[in-house]
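Note sheet for the following structure.
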Amino acid sequence: MADRYYEVLLIAELILAPVVFLLLLFITAPYGRFDRKGWGPVISSRAAWMIMESPSLVLPVLLALGAGVNRVELVFLLIWLCHYFHRAAVYPFRISSPRKPFSVLIMSWGFIFNIINSYVNFYYLFYLAPHRDLSWLNDIRFIAGGLLFAGGYLINKKSDSLLRKLRADGRTGYFIPEGGLYRWISAPNYLGEMIEWGGWALLVWSLPGTAFFLFTIANLLPRALKIHKWYGETFASYPEERKAIVPFFF
Ligand code: NDP
């Protein structure tokens, strides 16, 4: 039965990625700078991030406890938790706008997506994938994927921290970010996130990992393009040479 759930949810994630991509090109998710009325009840953004991301912290640990994992699988779990411990338990306490309204609808969608995504990733790794021995940690896919994951993680955290500093002195509102990859692009935090999950797909070498990578692009690329357009329309002095998400290209 659990295998059947896995198959259905994995297919759902693979189908949802292009659908979400197309939808987000036309409809902008109503949170942050694009928050607007008409999307139902709201909740504080700190609570929203904690609730929305919590399944990705809890579910993989429960699956690991249920399955019993070997050392390589434990490494996979620790890499994943590195990201999600920060996202669910640290990031919400560091955002500069913790009380800003966040759509309950978007939070609920994120919550459901995180259940599906963490379930398919770890059900596959712990219950279905052939068990990998320690030699996997020397495999080029693990090493290259691990480097990409670490690089993406650093880009994402550094970029989010530069955004936070823009409001460090108690200022509110939006300012032109400078430094780091902001020299070249408008949404380096999203670029870092995409690189991270590309690295994950490579280091676990699985279809669910690839599905998550594709979904991350589907979710963040349209928003990066809109953020870039928003900066250009909002700030007359916005650097013209800055691109949206890929330095020097677009
Ligand atoms: P944003 O870049 O929109 O905002 C991040 C924070 O910085 C918010 O607190 C925002 O405030 C503030 N901020 C943004 N731009 C400015 C500015 N110009 N001046 C001052 N403050 C600014 O990112 P998201 O909120 O969309 O995402 C947050 C994190 O979550 C990112 O690291 C992202 O990669 C990750 N994420 C991952 C997803 C995935 O699919 N894996 C999906 C969505 C996010 P305010 O809230 O007031 O706008």
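In what follows, residues are counted from 1 in the order of the sequence shown. Indexing begins at 1, ligand by ligand and atom by atom, following the structure's order. Values in this document were obtained by computation on a predicted structure and should not be read as measured data.
- Annotation for ligand 1: atoms under 4.0 Å from non-hydrogen atoms of W49 are 25 (O), 27 (O), 28 (C), 30 (O), 44 (C).
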Ignoring hydrogens and angles, write down the donor-acceptor pairs under 3.5 Å from the side chains of residues 49-67, residues two or more places apart or on other chains.
unit_1, atom_1, unit_2, atom_2, d
S54, OG, I51, O, 2.8
S56, OG, N114, OD1, 3.1

Without placing hydrogens or testing angles, list every side-chain donor-acceptor pair under 3.5 Å for residues 35-42, not counting sequence neighbours.
unit_1, atom_1, unit_2, atom_2, d
R36, NH1, T28, O, 3.1
R36, NH1, F34, O, 2.8
R36, NH2, T28, O, 2.6

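- For the ligand labelled ligand 1, residue R87 lies inside the 4.0 Å heavy-atom shell.
- Under a cutoff of 6.0 Å and an axis angle of 45°, K157 and Y153 form a cation-pi pair.
- Of all atoms in ligand 1, listed by their number and element, those nearer than 4.0 Å to a heavy atom of G173 are 20 (C).
- Nearest protein neighbour of atom 9 (O) of ligand 1, counting heavy atoms only, is S97 OG, 3.4 Å.
- The closest protein non-hydrogen atom to atom 19 (N) of ligand 1 is F175 N, 3.2 Å.
- Nearest non-hydrogen protein atom to atom 45 (P) of ligand 1 is Y174 OH, 3.3 Å.
- Checked for salt-bridge contact, K165 and E178 miss the test: no charged N lies under 4.0 Å from a carboxylate O.
- In terms of protein heavy-atom proximity, atom 11 (O) of ligand 1 is nearest to R167 NH1, 3.1 Å.
- Under the 3.5 Å distance criterion, with hydrogens and angles disregarded, a donor-acceptor pair is assigned to the side chains of D3 and Y123.
- Salt bridge E193/R87: present, at least one basic N to carboxylate O contact under 4.0 Å.
- Two rings, from W80 and Y84, have their centers less than 6.0 Å apart.
- If you check which protein heavy atom lies closest to atom 4 (O) of ligand 1, you get L163 CD1, 4.2 Å.
- In terms of protein heavy-atom proximity, atom 34 (O) of ligand 1 is nearest to E193 OE1, 2.8 Å.
- Nearest to atom 1 (P) of ligand 1 among the protein's heavy atoms is N189 ND2, 3.9 Å.
- Judged purely by distance below 3.5 Å, without hydrogens or angles, the side chains of W205 and D139 never pair a donor atom with an acceptor atom.
- Considering each of F215, Y31, Y190, the one bringing a non-hydrogen atom nearest atom 23 (O) of ligand 1 is Y190.
- Using modelled atom types, one finds no donor on one side chain facing an acceptor on the other under 3.5 Å when comparing R33 with Y174.
- Scanning all protein heavy atoms for the shortest distance to atom 47 (O) of ligand 1 gives K100 NZ, 2.9 Å.
- At a heavy-atom distance under 4.0 Å, atoms from both the backbone and the side chain of R33 approach ligand 1.
- Every atom of ligand 1 is numbered from 1 in the order shown, and the set under 4.0 Å from a heavy atom of L220 is 38 (C), 42 (C), 43 (C).
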